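What follows is one structure encoded as structure tokens, with my remarks underneath.
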Amino acid sequence: MGSNPTPSAMANDRHNDAALHAAMELALDRARTAHDGGDVPVGAVVLRDGAVLAARHNEREATGDPTAHAEVLALRDAAAVLGRWRLDDCTLVVTLEPCAMCAGAAIASRIGAVVYAAPDPKGGALGSAYNFAADPRLNHNPPVVSGLMAAEAGELLRTFFAAARTNSAPREPQR
């Protein structure tokens, strides 16, 4: 894994490798569901005290909603389960480094920590292209752990985009 915050910085079960691995497995399963539906294969899980509060996948294609990213949907569901918008005692586990919108939503929710699998060098906003979690101008800077099961998540993304490129290749006109 990339950065490694101390257990005290990652309260409750967030430093529990078994819980994080199980959550990432679930997030990968949700990502496969997105893939099967023609959406970019990203899955997200919100944990609190070892319990899964929410598990979602990208639904932009399914819903036509540009904000239907897995992280945003999972954060909304977790807030609904808890009956509050502050998720400071929760961990967001996601298969791809969150984009600016999703990192912003996580920060706005006061998420306790973020754990992601694969980096996104083009649009990742928690360390790759940008680093919202380390911006002192923001009122909340959650600890971020990167690289958990990155190979599995990366392969799922590579497979999806390779197929998308093949399917969008120009074709010979029908006669």
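Remember, predicted model here, so these are calculated numbers, not experimental data.
- Rounding to the nearest 0.5 Å places CZ of R86 at 9.5 Å from CZ of R84.
- Shortest non-hydrogen contact noted between L92 and A44 is CD1-CB, 4.1 Å.
- Checked by atom type and distance alone, the side chain of N58 never pairs as donor or acceptor with a backbone atom of P41 at under 3.5 Å.
- Separating the OG1 atom in T91 from the CG atom in D49 is a distance of 9.5 Å, to the nearest 0.5 Å.
- Every pair passing side-chain hydrogen bond (donor to acceptor under 3.5 Å, both in side chains) that includes a residue from residues 93-111 is listed here, sequence neighbours excluded: E97-S128.
- When all heavy atoms of M24 and L148 are compared, the closest pair comes out as CE-O, 3.6 Å.
- To the nearest 0.5 Å, atoms CD (E59) and CG (D65) are separated by 9.0 Å.
- Linking Ile, Leu, Val, Met, Phe, Trp and Tyr residues whenever their side-chain heavy atoms come within less than 4.5 Å leaves L156 and M149 in two separate clusters.
- Every pair tested for salt bridge (charged side-chain N to carboxylate O under 4.0 Å, His left out) that includes a residue from residues 29-46 fails, sequence neighbours excluded, so the list is empty.
- Counting side-chain heavy-atom gaps under 4.5 Å among Ile, Leu, Val, Met, Phe, Trp and Tyr, W85 is found in no cluster with other residues.
- Pairing each heavy atom of G43 with each of A31, the nearest pair is N-CB, 3.6 Å.
- Expressed to the nearest 0.5 Å, how far CG of N131 lies from CG of N141 amounts to 8.5 Å.
- For the atom pair CZ (R60) and OG1 (T67), the distance works out to 10.0 Å, reported to the nearest 0.5 Å.
- Two residues are said to be in side-chain contact when any heavy atoms from C-beta on lie closer than 4.5 Å; E25 and E152 fail this criterion.
- Linking ILVMFWY side-chain heavy atoms closer than 4.5 Å, directly or via other members, places I111 and L73 in two distinct hydrophobic clusters.
- Using a 4.5 Å heavy-atom cutoff, the side chains of V52 and L47 are in contact.
- Looking at heavy atoms from C-beta onward, M101 lies in side-chain contact with V72 at the 4.5 angstrom threshold.
- Side-chain contact check for C90 versus L82: some heavy-atom pair is nearer than 4.5 Å.
- To the nearest 0.5 Å, atoms CZ (R56) and CG (D77) are separated by 4.5 Å.
- Here the shortest heavy-atom pairing between I107 and A133 reads CD1-N, 4.2 Å.
- The minimum heavy-atom distance linking A103 with P98 is given by the pair N-CB, 3.8 Å.
- Across A117 and A150, no two heavy atoms sit closer than the pair O-CB, 3.3 Å.
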